[in-house]
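Here the structure is laid out as structure tokens; the discussion comes afterwards.
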Amino acid sequence: MRLSAYFLPLLKENPSEAQIVSHRLMLRAGMIRQSAAGIYTWLPLGWRVLQKVTQIVREEQDRAGAIELLMPTLQPAELWRESGRYDVYGKEMLRIRDRHDRDMLYGPTNEELITDIFRNGIKSYRDLPKNLYHIQWKFRDEVRPRFGVMRGREFLMKDAYSFDIDKAAAVASYFRMFAAYMKTFKRMGLTPIPVRADTGPIGGDLSHEFHVQADTGESGLFYDADVVNLDESNIDPTSPDVQAYIANWYAATDEKHDKAEFEARVPPERRREARGIEVGQVFYFGTKYSQPMNAVVAGPDGTPVAVEMGSYGIGVSRLLGAIIEACHDDKGIVWPESVAPFKVGLINLRVSDAGCTKACDDLYARLTQAGIEVLYDDRDQSVGAKFAAMDLIGLPYQFVIGPRGLANKLVEVRTRKTGESKEMPFDAAFNFITGGS
RNA sequence: CGGGGCGUAGCUCAGCCUGGUAGAGCGCUAGCUUUGGGAGCUAGAAGCCGGAGGUUCGAAUCCUCUCGCCCCGACCA
């Protein structure tokens, strides 16, 4: 993409409404623009990142056996009356009336809708287990939205719902998602810390919140180092030992932290303290919805059984804020490669120089053909402005071409994260980025 | 929802107390000069001073109401 042809409205100064670093940087880097309190337009650069993050979430859900579908944003109130939540949910739920005076709502979550879909489609235990998910915009009319996309009213969420014939199978589904979550967040360059969450009123319920480490995070975390060293690709979600191990390790937010227990159970060298941002939560809730909504299947002996359910959420749009909170420096964003909007920023230091421009155009064409995502700064701007812009938007690599290096047929390759820079011949730079030799 | 703050040019903000022709820096446009870390000079464009009512000869400024946004708290992916 040529920057001259792109839409990237950068801000030199910090907008006064933004207090936290991710919000400021997203605004300044031209990723989002606020439309109303807690409601944002995703500008081209932000949209690209959102799609990258979405795709990683999707791939790991698919890999874990979940099946994607798409439910609507607007739901009939009727289903929520059936589950009993219509009157319970409160003002956070945006209620709408259509022209026929039917009560509708903009979905804050989808348990009712998915249970309805499920009960109409699955009648036998032989069709279980099932795990259905979608990635869809939600709306919760928060009293006080803040921190940009970290706590918006409209937000993109992945929510999955598992259906099993009995508790043992449901718990296995739960830990399968648990492992998928660890993998998902790690792929985004984050350090996930799964924290035991409230078990709720029904005894035996399971829930974990996933926090990702960020110095500016809102919750304090105390945990056993083993938690982050878990190799999720090797765990067997159906093994009771594994389940017990995960369910019992020590990891807590500051609200739940019990110093005495922490010190009793975790040896000093494994005790860790950090700050984090919550980006996901998993629940096992049994028949809480299947019972009232009559989501039953025929069991092996022919008698109807209410299915055992769990739900699994990831705050996809919030993740962008979390990633930036975890990955930035005083110059701007430092994208992990897996979610970067472009892999390379190509800077033409002197557009007026025919040699520079030719060299840039050629390299740009070559990289693009090789499938590398390149943002090519071909604008006629001062050098400092170009470097500052590129640092701000945080692409992992910068290729800098100017008259000085070009005299020796060299391009400068910089790594945003480390600040390292090295001059090399064009072929070497090309191979460096494409992984060729 | 309780408490506080702010709405003036695209952005950051001054002006308001003490009413009298709407300002600065950055950005934007044009030209010239510059060119390896947010360039310089010159000339421009740009604002129903959030909205409505009121007081006054006269309101960005004073009064009333309203809308929006931000911060702290309670609440949440």
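Just so it is clear, the model here is predicted, and its values are computed rather than measured. A, B, ... follow the sequence lines: proteins, then strands. Residue 1 opens every chain.
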Ring centres within less than 5.5 Å and planes less than 30° apart: is that true of A:Phe387 and B:G38 in this structure?
no
Do the numbers put A:Arg272 on top of the ring of A:Tyr223, so that NZ or CZ is under 6.0 Å from the six-membered ring centre and no more than 45° off the axis?
no
Nearest-angstrom distance from the residue atom NZ of A:Lys91 to P of B:G2
10 Å
Any A:Ser16 side-chain N or O less than 4.0 Å from OP1/OP2 of B:C13
yes
Rounding to a whole Å, what distance do you find between A:Asp391:CG and B:G38:P?
12 Å
A:Asp427 bridged to A:Arg366 by N-O distance under 4.0 Å:
yes
Does A:Arg48 qualify as a cation-pi partner of A:Phe342, given the criterion of NZ or CZ under 6.0 Å from the six-membered ring centre and within 45 degrees of its axis?
yes
Could you work out which one of B:C70, B:U35, B:C72 sits closest to the side chain of A:Arg146?
B:C72
Base-pairing mate for B:U35 - Watson-Crick or G-U, with both contacts under 3.5 Å:
none
Of A:Lys331 and A:Phe283, the one whose closest RNA chain B nucleotide lies more 5':
A:Lys331
Go through B:C75, B:A77, B:U12 for me and flag the one nearest to the A:Glu92 side chain.
B:C75
Which whole-number value in Å describes the distance from A:Arg151 CZ to B:C69 P?
15 Å
Per the atom types in the model, does the base of B:G10 pair as donor or acceptor with the side chain of A:Glu13 at under 3.5 Å?
no
Side chain of A:Arg318, heavy atoms from C-beta onward: which of B:G27, B:C70, B:A77 has the nearest atom to it?
B:A77
Nucleotide nearest A:Ala37 when distance is taken to its side chain, options B:C76, B:C69, B:C71
B:C69
To the nearest angstrom, the CG-P distance between A:Asp377 and B:U35 comes to 19 Å
Rounded distance (Å) that lies between atom P of B:C70 and atom CD1 of A:Ile20
12 Å
The answer to which of A:Leu392 and A:Ala36 contacts RNA chain B further toward the 5' end, by nearest nucleotide, is A:Leu392
Can a cation-pi geometry be assigned to A:Arg153 and A:Tyr106, taking NZ or CZ under 6.0 Å from the six-membered ring centre and within 45° of the ring axis?
no
Measure from the side-chain heavy atoms of A:Glu17 and tell me the nearest of B:C70, B:C76, B:C1.
B:C70
Ranking B:G38, B:C1, B:C71 by distance to the side chain of A:Ala385, first place goes to B:G38
Would you state whether a donor and an acceptor, one from the side chain of A:Arg144 and one from the base of B:G3, lie under 3.5 Å apart?
no
Would you mind telling me which of A:Glu218, A:Glu142, A:His23 makes a side chain to side chain donor-acceptor pair (under 3.5 Å) with A:Arg151?
A:Glu142
